[in-house]
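Here is the structure we will look at.
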Amino acid sequence: MTLQAVIFDVDGTLADTEEAHRQAFNETFRAQGLPWEWDVPLYRELLAVTGGKERMHHYCERSHPAYLAQPGARDMISRLHEEKTRRYTQLVEGGGITARPGILRLLSELHAAGVRLAIATTTTRANVDALLATTLKTLPQGIFEVIGSGEDAAIKKPAPDIYLHVLDRLGLMADECLAIEDSRNGLRAAQGAGIPALITECRWTAGEDFDGAVAVLSDLGEPHCHHKVVRSALFNIGYIDAIVLRRWHTAWRFATRGLAS
Ligand code: XBP
Ligand code: MG
């Protein structure tokens, strides 16, 4: 079975967005008079928990348990998250976020080659739409056949739920697809759904345990600007295009299922 679809993660994969998320969280905390400040080292730690609401709840559990003890604390966190999302989408719409290397090129190539494209992300749909309307606006309308976002899966990555949701919407088997992710949580979510995953690590996830990834790269590269191979069990050239993805997918199936393509 050849490669039928590539499923892209969003934050850290399509674009390096987590600094904007961090800024939106901190602006919200300040606006609400909360003495919470997520600096870079703390945010890197908190990224182990996916989902903004879940991340704030986890932070309160470890640092401000009294906040959670208040009546309606869960609703208060939901309202904080709604404000954070408004602030984040404004930051994205301000145009300061660029696609990661190779993303616009590879998406266009895959689309032209007839490979179906989808998104499986933990972030909220509003954030995805803001990115599509700005950072990714040069891509053909509707290029992503399925968009699975934070609202579509009760349990977030590293649980496989969002990838299983996207597979179901695509009507494909896991081994007909390939996922592109930036984090260990994302890799585990794809693996949990039986989908091989290529990692393009970012500054927030570099050095995580990516055991089992098809390959670990610095990014997807460009013809004129090759990526750095962090680790690859398979052959590699200087940048990732549709041909390389198809070959890797076939090699992965052969290696894991002993099946020719
Ligand atoms: C990354 C996440 C998200 C973002 C914040 O999502 O875990 O929670 O950090 O966005 P992915 P929200 O890598 O799966 O795209 O506040 O909307 O959750
Ligand atoms: Mg990610």
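For ligands, and for the atoms within them, numbers begin at 1 and follow the listed sequence. What you see below is based on every heavy atom in this structure, not just the backbone, and it leaves out hydrogens, waters and symmetry mates.
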Going through the distances and angles, do Leu47 and Arg55 end up as a side chain to side chain contact (heavy atoms under 4.5 Å, CB included)? CA-CA 7 Å; Leu47 277 173; Arg55 191 169 301 143; 3.6 Å; yes
Return the closest protein heavy atom for [atom] as residue, atom name and distance.
atom: atom 6 (O) of ligand 1; answer: Asp11 OD2, 3.2 Å
atom: atom 2 (C) of ligand 1; answer: Arg55 NH2, 3.6 Å
atom: atom 10 (O) of ligand 1; answer: Thr123 OG1, 2.9 Å

Whether the side chain of Arg100 engages the backbone of Leu14 through a donor-acceptor N/O pair (distance < 3.5 Å, no angle test) should be reported. no
Treating Gln70 as the side-chain partner and Tyr67 as the backbone partner, does any N or O pair qualify as donor plus acceptor under 3.5 Å? yes
Using every non-hydrogen atom in the two residues, find where [X] and [Y] come nearest and quote the distance to one decimal.
X: Asn127; Y: Thr85; answer: OD1-CG2, 3.3 Å
X: Ala189; Y: Lys157; answer: CB-CG, 3.6 Å
X: Ile155; Y: Asp161; answer: O-CB, 3.5 Å
X: Thr121; Y: Ile162; answer: O-CG1, 3.7 Å

Mark the output for [X] as yes if a heavy-atom distance to ligand 1 is under 4.0 Å, and as no if none is.
X: Lys84; answer: yes
X: His81; answer: yes
X: Thr85; answer: no
X: Lys156; answer: no

Got an N/O contact under 3.5 Å between [X] and ligand 1?
X: Thr121; result: yes
X: Phe25; result: no
X: Asp9; result: yes

Check ligand 1 against [X] and write out every atom of the ligand that is under 4.0 Å from a heavy-atom position of the residue.
X: Gly52; value: 8 (O), 12 (P), 16 (O), 18 (O)
X: Gly51; value: 7 (O), 8 (O), 18 (O)
X: Val10; value: 15 (O)
X: Thr124; value: 17 (O)
X: Asn127; value: 17 (O)

For the CD1 atom of Ile195 and the CG atom of Leu187, what is their distance to the nearest 0.5 Å? 11.5 Å
Nearest N/O/S atom of [X] with respect to the Mg ion (ligand 2), by atom name, please.
X: Asp182; result: OD1
X: Asp9; result: OD2
X: Asp11; result: O

Checking Glu45 against Arg62 for the salt bridge (charged side-chain N to carboxylate O under 4.0 Å, His left out) test, could you report, in this order, the C-alpha distance in whole Å, the side-chain angles of both residues, the deciding distance, and whether it holds? CA-CA 12 Å; Glu45 269 183 61; Arg62 61 182 254 181; 3.0 Å; yes
Heavy atom under 4.0 Å from ligand 1: found in Lys157's side chain, backbone, both, or neither? side chain
Set out, in order, the CA-CA distance, both residues' side-chain angles and the distance that settles side chain to side chain contact (heavy atoms under 4.5 Å, CB included) for Tyr59 and Val49, then state yes or no. CA-CA 9 Å; Tyr59 169 70; Val49 178; over 6 Å; no
Tell me whether Glu181 has at least one N, O or S atom under 2.8 Å from the Mg ion (ligand 2). no
Between the candidates Leu14, Thr122, Val49, which shows the shortest non-hydrogen contact distance to atom 14 (O) of ligand 1? Thr122
Less than 6.0 angstrom separating the ring centers of Phe25 and Trp36, yes or no? no
Between Glu82 and Arg79, is there a salt bridge with N-O shorter than 4.0 Å? no
Would you check if Leu170 and Ile7 make a side-chain contact, meaning some heavy-atom pair closer than 4.5 Å? yes
